[in-house]
Each structure stands twice: as structure tokens, then as C-alpha cells.
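Below: the structure, in C-alpha cells.
This one's a predicted model, so the numbers in the text were calculated from it and none came from an experiment.
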Amino acid sequence: TISVFTDSSNHVFQFQGDTFLMGGASATPGTYALHGQFGQGTDISGGDLTINAGNGTGTGNSGNLILRTAYPSTTGSSGNSHTNVITILGDNNDSSGTQNLVFITPTVKQSGTAAYTGLLLNVTETSTGSGTKNLLDLQAGSVSKLSVSNTGLITAASLAGSGTKCVHVDNSGIMST
């Protein structure tokens with residue numbers, strides 16, 4: 001079943017089986033956003049946007065959340081194939097084996113003098129409070145195991161021995177503990 005409808009700007013939205021499409025094929029594709037409800041009036045917060053994978057039943061797992069993108073291939077007019085870039089697994093109740101719950105798997109295909117960063121976190125601090133300011137805090141059981149502060153201080157719960165160790169790498173690349 002295909003249901004097609006347009007909004008007031010004549011953008012096309014359609015359901016094709018179990019897929020929801022925003023816009024049709026175009027030589028000049030537009031940009032679409034999916035967002036929660038806007039607040040209206042003075043100082044009204046906007047609504048949340050929650051994306052749910054399908055529920056399992058009984059001992060069945062939930063579905064996964066998957067973000068896919070299509071990397072360029074060779075010249076041509078056919079659509080490029082999608083590949084998973086981020087996967088959050090719904091399978092989190094196994095009793096054996098190793099579980100990898102979040103996968104971030106971009107594909108890098110470069111040449112020449114190209115460079116890349118696998119994960120970029122760029123925090124803009126317009127003002128901060130007096131509390132801890134971590135760019136990264138990796139925890140297990142709500143206990144910090146590895147953190148990186150906004151000054152570049154790396155703190156590890158166990159590094160080459162027992163106890164907490166602090167490592168600092170200065171702007172010239174010199175490491176100290």
C-alpha cells in the first residue's frame with residue numbers, strides 16, 4: 001500500500017509498505033528534519049522526540065536502532081547502497097559471550113592528502129559552573145573508569161597498577177603522571 005500526501009509547501013511524504021519516505025527522487029534533493037513539538041508562548045519548553053525500536057515479547061529482544069548512510073561510489077545515476085554507521089543493539093540480556101551494545105562503524109575511503117577524525121566532540125563553553133567539567137566520562141556501574149576533563153587531564157581508575165592514576169599530556173605532547 002502506498003499512501004502519498006503533501007504538506008503546505010508541496011513536500012511529498014509517503015508510506016511504502018513498512019518504510020516512510022520524506023520527498024521523492026529529485027535532481028536537487030531538499031533537507032528534511034524530524035523533530036518534537038515546538039513550544040508556543042513565552043518560556044515554553046519544546047517536546048521530546050523519542051525513537052523506539054520494536055518491542056519483543058517474553059524473552060524476545062527489542063529491535064535495534066540503526067542509523068544508515070550511503071557513501072559515494074563510482075560515477076552514475078543509480079542510488080548508492082546504504083551501510084550501517086551507528087547501531088544500538090536491543091539484544092542486552094544474554095547470559096554468555098560478549099555483548100557489544102553500541103557500534104559506531106564509519107567507512108573511510110580516502111586518497112591523496114585527505115585526513116579524518118573518527119569521533120569529534122567539540123564542546124562550546126560559554127559559561128561554566130564550579131563543578132567537574134569532563135569532555136568524556138566512561139563508567140561501569142556508575143563508577144568512573146576513565147575521564148577526560150575540559151583541560152585535557154586524563155584520569156584512569158587503574159593504569160599500570162592499582163589505584164587511580166592521573167595522566168596529563170601538555171600542548172607539546174609530553175605526558176606526565
Side-chain angles (χ1 to χ4, degrees), residues 1-40 45-57 60-94 97-126 133-139 145-152 154 169-173 175:
T1 301
I2 298 177
S3 303
V4 179
F5 57 97
T6 59
D7 65 8
S8 60
S9 299
N10 213 26
H11 295 120
V12 177
F13 300 89
Q14 54 188 315
F15 289 96
Q16 291 184 356
D18 60 359
T19 302
F20 176 67
L21 303 170
M22 294 188 284
S26 171
T28 56
T31 300
Y32 292 89
L34 182 63
H35 57 81
Q37 187 173 22
F38 295 133
Q40 185 176 14
S45 298
D48 295 336
L49 175 65
T50 301
I51 300 173
N52 293 322
N55 287 357
T57 61
N61 291 309
S62 165
N64 300 326
L65 292 178
I66 302 170
L67 176 64
R68 305 181 82 199
T69 190
Y71 293 111
S73 59
T74 59
T75 187
S77 60
S78 297
N80 295 318
S81 297
H82 285 93
T83 185
N84 295 0
V85 177
I86 298 176
T87 303
I88 302 172
L89 297 181
D91 179 9
N92 61 1
N93 63 359
D94 291 342
T98 300
Q99 294 178 292
N100 299 303
L101 301 180
V102 177
F103 293 86
I104 302 175
T105 55
T107 299
V108 177
K109 183 179 178 183
Q110 298 179 321
S111 62
T113 60
Y116 76 93
T117 300
L119 179 63
L120 174 65
L121 175 64
N122 186 2
V123 176
T124 300
E125 295 178 335
T126 56
K133 293 168 250 334
N134 284 331
L135 297 176
L136 178 68
D137 187 2
L138 303 177
Q139 299 182 1
K145 299 298 182 180
L146 177 74
S147 64
V148 180
S149 75
N150 68 342
T151 63
I154 300 170
V169 180
D170 66 19
N171 291 337
S172 63
M175 186 181 298

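Rounded to the nearest 0.5 angstrom, Q37 CD and D48 CG are separated by 11.0 Å. In this structure, NZ in K109 is found 9.5 Å from OG in S111, a value given to the nearest 0.5 Å. The structure places CG of N84 at 13.0 Å from CD1 of I104, a figure rounded to the nearest 0.5 Å.
Taking every heavy atom of both residues into account, T107 and Y71 meet most closely at N-OH, 3.1 Å. Nearest heavy-atom pair, F103 versus L89, reported as atom, atom and distance to 0.1 Å: CE1-CD1, 3.3 Å. Across every non-hydrogen atom of N64 and A53, the tightest pair is O-CB, 3.8 Å. Taking both residues in full, the closest heavy atoms of T87 and I66 are given as CG2-CG1, 4.0 Å, listed atom of the first, atom of the second, then distance.
Evaluation of the side chain to side chain contact (heavy atoms under 4.5 Å, CB included) rule for L49 yields L34 as partners, not counting sequence neighbours.
Counting only heavy atoms from C-beta outward, the side chains of Y116 and Q110 approach each other to under 4.5 Å.
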| query | Where do L121 and L136 land on the side chain to side chain contact (heavy atoms under 4.5 Å, CB included) test, with the steps shown first? | reply | CA-CA 9 Å; L121 175 64; L136 178 68; 5.5 Å; no
| request: Please step through side chain to side chain contact (heavy atoms under 4.5 Å, CB included) for the pair V123 and N150, ending with a clear verdict. | output: CA-CA 9 Å; V123 176; N150 68 342; over 6 Å; no
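For E125, the CD atom counts as densely surrounded, since its 6.0 Å shell holds more than 12 non-hydrogen atoms of other residues, nucleotides or ligands.
Remark: the backbone N or O of N134 is not paired with any side-chain donor or acceptor of S149 at under 3.5 angstrom.
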